[in-house]
Amino acid sequence: MSDSDDDMPLAQRTHKPAAEGSDDEDDRPLAHRQFTHKPSANGNTAAAAPIGTTTSTAVSVSRPATADATDLNGWDSSSSDDIPLAQRKKALVAQKSQATQPKGQKAKPVAKDIANREGKRKRQDEAPKGRQAPSKKTKALDDAPPRKKRVANPASQGAKEEDKEIKWEKLRHAGVLFPPEYVRLPSNVKMLYDGQPVDLTEEQEEVAQMFAIMKETDYMRKQLFLDNFWNDFKKVLGKDHVIKGLKKCDFTPMYDHAMAEREKKKALSKEEKLAIKQKKEADEAKFKYAQVDGRTEQVGNFRVEPPGLFRGRGEHPRMGKVKSRIYPRDITINIGMEEPIPEHPYPGQQWKEVRHDKTVTWLAFWKEPIVRRTSSMCGWLPNSTFKSDSGLGQNHVDDIRKMYEKDWDSKDTQRQQMGCALYFIDQLALRAGHEKDEDEADTVGCCTLKVENVECMPGDHIKFDFLGKDSIRYENEVVVHPKVYALIKKFCQHSANNKPKKPEDQLFETMDATDLNKTLKDLMDGLSVKVFRTYNASITLDRLLWEPSDSEVIDAKKADYDRANKEVAILCNHQRAVPKGHAGQMEKLSERMHKLNEELLELQHELKASEKGKAYGDKKRRDPERVHAAIDAKKAVIAKAEINARVKDDLKTVALGTSKINYLDPRITVAWCKRNEVPMEKIFNKTLVTKFFWAMDVDPDFKF
DNA sequence: AATTTAGACTCAGAAAGTTGGGA
DNA sequence: CTCCCAACTTTCTGAGTCTAAAT
């Protein structure tokens, strides 16, 4: 294994200031990588420049951030010099909204206090609740997305709901597929308590079995998991059960049995497996599609989740709890008024409710038993246009940037914080970060950053280190605008009302994600924090794909694409664990390379011999030309293998899929494919080609 | 009227399952 | 040709965002 930075999950790479002189792209801070063109393209990189400032060769539509680095303040209005006049007409938004800003009105009565949270995330200040909404959508933003069709909805209860969007007129589907019932273990398979076999009821056995199969996972070493499980298991066991605690429980017989069953299944003959598969498909067939207004739409998910132990991601407070079985009585069905109500395999039970709500797209839903806040839904697959084509364009972005730059100079702490938060969201594509309860994993986003999550380093460096969505670590050191640096430093030290802050206090204590979204929405209909993530992902890809490349063969071009895709994934912090067996696979590849190189050498010897009119080794003599051809072919194979190996290693900690599916406007990719004569299928798999069918006839010169 | 809660999506990575291309 | 393994897909189960409704 190499010891390069690449072997670490990307979030853990330490970013040396470029001043230390590494030219290796991977050694540069993420933020630099994101916004910087290949070193080869422009020599040095803007090591000491603020976020987003690079020495790139400016593509005219690129964000101002990519403009010239001469001005350390990549943001001030001069940067808009790079924007064609035509795009600048709307520069007034920020000023306008600020003109109407009623400064420092009455103090906001304290906090959305989430009182009993051990003093954590509380808004502990009395900062004025800043920014008033600029009364209406500003004219600047009138090319926002077209109004959605809104129709009165007579189907729903009462007049209140009259103004919602109608999603369908006719809707027919077969409901949901329930998981198989629990099958009891053979009577000779029993768990042991204190060495003695224990008889369990069916219900108890099912729960025990859930635990048994986790024997070899490292959940067994997590006390919280064990405690949570025991609490629930205890309830199922009832009072005065022989089993008094987990310590003396031995689930080995159950585990072994489960493993044996698994092996048995694997060992089935081809025919048997096929038969099982066909049976399964036949059972599922009717659930797979829904009829929506005469169209056949694929149902995204029609399976009811089987019971099991809740795992959660990261250190989830509820890990190990029993997730009980879902029955029809728990499920609400949504279906067209005249359609037959779906059947279910539980005679005597009724669906919890059957609705005919035309304003939603789900077919069925139920409440999650563990994380009651959420519910699971079965709906049809969204396949329409790119969701994030929000109407946010370069000129809006410029306006918004000017607005938040102004906020840095505000006297009002809340506005300062708002300005900094927006800067991070725009530059680093952070998520909004809503407040969470204590029975959820302790993860944060931009608005919920704590003081301990940021560290101010010399030279306007800020180091972020926090757990984001799915408890994925975000670690990134970036150079920020000096004004932001000064503000963040201040926010780390004391709150708006001058109280000193503790590490676990909120960095932006005067505002939250809702405030931020409100501000954005007032600026432009349809604008929210997450739009920036999508927008920045797409614009980044677009910029990278327009960079000149000298790749000629398809594989090299695909590698170019993957590199661009990787940049986006890094921007969005889409990480994955290094696939198991990666090291082994790399070793194999290098062995193969070695072999290929030897073969090449052989061929070169053969060529020499051939040119002298001799045979080489025990082979028949071939024409020099034929040997030449063989050499070229071999070289091509080697080059291809080299590219593949490098790409593979390059991407081992980066998950490309998420951005490809959810963030990148497919038109960018399709256009690139056309320009570079790369077949679509090299980039999009079959599913994606289907999903993005609407983007396929885009103009090759399409610019995001 | 400010918060809280409900509701409806939208995004997430790992694991399981399937396929297909090369030795 | 066929078998094996890596690559690709789908499934699984969670976890965010954001708006609207309820308190």
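Quick note on labels: first sequence line is chain A, next is B, and so on, each numbered from 1.
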What's G433(A) touching, base or sugar-phosphate or nothing? Going by heavy atoms closer than 4.0 Å.
sugar-phosphate
Qualifying residue for side chain to side chain donor-acceptor pair (under 3.5 Å) with T443(A), from R473(A), K436(A), K469(A):
K436(A)
Under 4.0 Å between a side-chain N/O of K588(A) and OP1 or OP2 of dC5(C), yes or no?
no
Looking at the base of dC11(B), is there any donor atom on it, or on the side chain of K469(A), that sits under 3.5 Å from an acceptor on the other one?
yes
For the pair made of CD1 in I326(A) and P in dT13(C), what is the distance, rounded to whole Å?
12 Å
With B for base contact, S for sugar-phosphate-only contact and - for none (protein heavy atoms under 4.0 Å), nucleotides 13-22 of chain B reads SS---S----
Yes or no on side-chain contact (heavy atoms from CB on, under 4.5 Å) for W362(A) and R355(A), after CA distance, side-chain angles and deciding distance?
CA-CA 11 Å; W362(A) 51 266; R355(A) 292 217 271 246; 3.4 Å; yes
Would you mind reading off the distance between R431(A) atom CZ and dT10(B) atom C1', rounded to a whole angstrom?
11 Å
For K648(A), report the nucleic acid contact type (base, sugar-phosphate, nothing); a contact means any heavy atom under 4.0 Å.
sugar-phosphate
Starting from P on dC11(B), measure out to NZ on K660(A) and report it in whole angstrom.
17 Å
On the nucleotide dT13(C), are OP1 or OP2 found under 4.0 Å from the side-chain N or O atoms that K323(A) carries?
no
Is S528(A) close enough to dC18(C) that one of its side-chain N or O atoms is under 4.0 Å from OP1 or OP2 there?
yes
Taking the basic N atoms (NZ, or NE/NH1/NH2) and the acidic carboxylate oxygens, is any pair closer than 4.0 Å for K450(A) and D442(A)?
yes
So P306(A), base contact, sugar-phosphate only, or nothing? Heavy-atom distance under 4.0 Å.
sugar-phosphate
Atom-to-atom span, CD of E368(A) to C1' of dG7(B) - whole angstrom:
15 Å
Please determine which of R576(A), R313(A), R431(A), R311(A) meets the salt bridge (charged side-chain N to carboxylate O under 4.0 Å, His left out) test together with D470(A).
R313(A)
Between H434(A) and dA15(C), does any side-chain N or O lie under 4.0 Å from OP1 or OP2?
no
Tell me whether the OP1 or OP2 atom of dT13(C) has a side-chain N or O from S376(A) closer than 4.0 Å.
no
Would you say a side-chain N or O of R533(A) is under 4.0 Å from OP1 or OP2 of dC18(C)?
no
Atom-pair distance (CG on N644(A); C1' on dC5(C)), nearest Å:
16 Å
Quick one: M214(A) CE to dC12(C) P, roughly how many Å, whole number?
17 Å
Under 3.5 Å, is there a donor-acceptor pair between the E315(A) and S471(A) side chains?
no
Taking the side chain as C-beta and beyond, is there a heavy-atom pair between F229(A) and M214(A) under 4.5 Å?
no
For dG16(C), does OP1 or OP2 lie under 4.0 Å from any side-chain N or O of T443(A)?
yes
Gap between atoms CE and C1', on M319(A) and dT13(C) respectively (whole Å)
15 Å
Report yes if at least one side-chain N or O of N685(A) is closer than 4.0 Å to OP1 or OP2 of dC8(C); otherwise report no.
no
So does K686(A) get a side-chain nitrogen or oxygen closer than 4.0 Å to the phosphate oxygens (OP1/OP2) of dT10(C)?
no
Which part of the nucleic acid, if any, lies within contact of G308(A), taking any heavy atom under 4.0 Å across all strands shown: a base, the sugar-phosphate backbone alone, or nothing?
nothing
May I ask you to decide whether D555(A) forms a salt bridge with K558(A), counting only side-chain N to carboxylate O separations under 4.0 Å?
no
